Amino acid sequence: MLRADGRSDDALRDVKITRGFQKWPAGSVLVEFGNTRVLAAASVSEGVPRWRTGSGLGWLTAEYAMLPSATNTRSDRESVKGRVGGRTHEISRLVGRSLRACIDLAALGENTIMIDCDVIQADGGTRTAAITGAYVALADAITWLGAARRLADPKPLSCSVAAISVGVVDGRVRLDLPYEEDSRAEVDMNVVATDTGTLVEVQGTGEGATFTRSTLDKMLDLALAGCVELTRIQNAALALPYPGELPEPTRKGK
């Protein structure tokens, strides 16, 4: 039996990564998982937060937000509300943790990479799309830093990172849930993994009932297979030349 969108249970939605979507960040991509679209941008600045100054270590952090018109009913901007919502804060921290798992912060020197993930259109899986796209933006930011000769080690990325949702819907384990499935899933899980098959983070919840160990294993197997395909798509995108203008080497690096 096929799903409502015509996919088999183990199939990803159509995934597209467009690099160089913005002019000014060191790395930026538009990542599309079906109808979910996220703009991920990686900006580089010299220096690190005060609590890290003098350590010789760099820093990477992330912010996630959803545009008011990203869903079928407009939501208020959190800046207007005067506070960041719990879900926004949670996902921001998840994106930062996921990307710090693949980078040697000592190799950055005392530079900061800020990852901004803005959901333009939401149809399920926004956090997993954000992480998958943000890795590509990060890789481009590393290329930018390397051209500027601001890296202590020219290859600070130890692996790549991708993320995907998986769940149990109508009693069947399904990969990459759109909102229509996610909103009624019996079990919902997000998996972040590296290209070597190791896990960065697993977030799983029995929404309507408990689930068995065998179901968990099946979900993990399906999610990891999905991450392998996402890694292939990331690598294909990154095989193209850097999409913008690289900086002149800094005086410090000469």
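All values reported here derive from a predicted model rather than from experimental measurement. All values below come from the heavy atoms of this structure, side chains included, with hydrogens, waters and symmetry mates left out.
Distance alone, capped at 3.5 Å, places no donor-acceptor pair between the Ser28 side chain and the Ala41 backbone. Of the possible donor and acceptor atoms, none in the side chain of Thr215 sits under 3.5 Å from a partner among the backbone N and O of Phe211. Remark: the backbone N or O of Thr71 is not paired with any side-chain donor or acceptor of Ser75 at under 3.5 angstrom.
Applying the under-4.5 Å side-chain rule to Ile, Leu, Val, Met, Phe, Trp and Tyr, the cluster around Phe21 extends to Leu30, Leu39, Leu67, Ile120. In this structure, Val169 belongs to a hydrophobic cluster whose other members, linked by side-chain heavy atoms under 4.5 Å apart, are Leu177.
Under a cut-off of 6.0 angstrom, the local environment of CZ in Arg184 is crowded, with over 12 non-hydrogen atoms contributed by other residues, nucleotides or ligands. Within a 6.0 Å sphere centred on OH of Tyr179, other residues, nucleotides and ligands contribute 12 heavy atoms or fewer.
Screening residues 103-115 for side-chain hydrogen bond (donor to acceptor under 3.5 Å, both in side chains) gives Asn111-Arg150 as the qualifying pairs, with residues at least two apart or on separate chains. Residue pairs meeting the salt bridge (Lys or Arg N to Asp or Glu O under 4.0 Å) criterion with at least one partner in residues 208-218, sequence neighbours excluded, are Arg213-Asp217. Residue pairs meeting the salt bridge (Lys or Arg N to Asp or Glu O under 4.0 Å) criterion with at least one member in residues 15-27, sequence neighbours excluded: Arg19-Asp140.
Shown here for Ala137 and Val29, the closest heavy-atom pair between the two residues is N-CG1, 4.0 Å. Pairing each heavy atom of Met189 with each of Gly204, the nearest pair is CG-CA, 3.7 Å. In terms of heavy atoms, Gly133 sits closest to Ala40 at C-CB, 4.0 Å. The shortest non-hydrogen separation linking Ser158 to Ala101 is OG-O, 4.2 Å. In plain terms, the two heavy atoms of Ala193 and Leu224 that are nearest each other are CB-CD2, 3.6 Å. Arg100 approaches Leu60 most closely through the heavy-atom pair NH1-O, 2.9 Å.
Here the side chains of Ile91 and Val95 are in contact, with some heavy-atom distance below 4.5 Å. Residues Thr61 and Ile115 form no side-chain contact, since every pair of their non-hydrogen atoms from C-beta on lies 4.5 Å or further apart. Side-chain atoms of Val173 and Asp221, non-hydrogen and from C-beta on, never get closer than 4.5 Å to each other. The closest side-chain heavy-atom distance from Val202 to Val192 is not below 4.5 Å. Between Thr194 and Ser160 the shortest side-chain heavy-atom distance does not fall below 4.5 Å. The shortest side-chain heavy-atom distance between Asp176 and Val166 does not fall under the 4.5 Å cut-off. Contact check for Val187 versus Thr205: no side-chain heavy atoms found under the 4.5 Å cut-off. Side-chain contact between Arg13 and Thr36: present, with at least one pair of heavy atoms (C-beta onward) separated by less than 4.5 Å.
Residues satisfying the side chain to side chain contact (heavy atoms under 4.5 Å, CB included) criterion with Asp9, sequence neighbours excluded, are Arg3, Arg172, Arg174. Contacts of Arg74 classified as salt bridge (Lys or Arg N to Asp or Glu O under 4.0 Å), with partners at least two apart in sequence or in another chain: Asp76. Annotation: salt bridge (Lys or Arg N to Asp or Glu O under 4.0 Å) contacts of Arg232 (sequence neighbours excluded): Glu229. Checked against salt bridge (Lys or Arg N to Asp or Glu O under 4.0 Å), Arg97 has the following partners two or more places apart in sequence or in another chain: Glu201. Take Trp59 and apply the ring pair (Phe, Tyr, Trp, His ring centres under 6.0 Å) test, not counting sequence neighbours, and it matches Trp51. With sequence neighbours excluded, no residue satisfies ring pair (Phe, Tyr, Trp, His ring centres under 6.0 Å) with Trp24.
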Could you walk me through whether Asp118 and Asp116 pass side chain to side chain contact (heavy atoms under 4.5 Å, CB included), step by step? CA-CA 6 Å; Asp118 291 286; Asp116 290 296; 4.2 Å; yes
Do Val15 and Glu32 pass the side chain to side chain contact (heavy atoms under 4.5 Å, CB included) test, and can you show the C-alpha distance, the side-chain angles, and the key distance before you say yes or no? CA-CA 5 Å; Val15 176; Glu32 301 172 66; over 6 Å; no
Is there a salt bridge (charged side-chain N to carboxylate O under 4.0 Å, His left out) between Arg37 and Asp123? Walk through the geometry before answering. CA-CA 8 Å; Arg37 293 169 189 161; Asp123 185 27; over 6 Å; no
Carefully, step by step, assess Leu12 and Ile164 under the rule side chain to side chain contact (heavy atoms under 4.5 Å, CB included). CA-CA 9 Å; Leu12 295 170; Ile164 196 64; 3.5 Å; yes
Check against side chain to side chain contact (heavy atoms under 4.5 Å, CB included), Phe33 and Asp14: CA-CA 6 Å; Phe33 279 34; Asp14 290 336; over 6 Å; no
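With values rounded to the nearest 0.5 angstrom, Leu238 atom CG is found 6.5 Å from Tyr135 atom OH. Here Ser55 contributes atom OG and Leu105 contributes atom CG; the two are 9.0 Å apart, rounded to the nearest 0.5 Å. Atom CG of residue Leu175 and atom SG of residue Cys227 lie 8.5 Å apart, to the nearest 0.5 angstrom. In this structure, CD1 in Ile233 is found 6.5 Å from CD1 in Ile17, a value given to the nearest 0.5 Å. With rounding to the nearest 0.5 angstrom, the OG atom of Ser165 is 9.5 Å from the CE atom of Met219. The line from CG of Leu138 to OG of Ser98 is 11.5 Å long, rounded to the nearest 0.5 Å.
A single hydrophobic cluster is seen to contain both Leu157 and Leu199, as judged by linkage of ILVMFWY side chains at heavy-atom distances under 4.5 Å, directly or through other members.
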Donor-acceptor list for residues 124-131 side chains, cut-off 3.5 Å, not counting sequence neighbours:
from, atom 1, to, atom 2, distance (Å)
Thr126, OG1, Tyr64, OH, 2.7
Thr126, OG1, Arg87, NH2, 3.4
Arg127, NH1, Glu90, OE2, 2.8
Arg127, NH1, Gln203, OE1, 3.2
Thr128, OG1, Gly125, O, 2.9

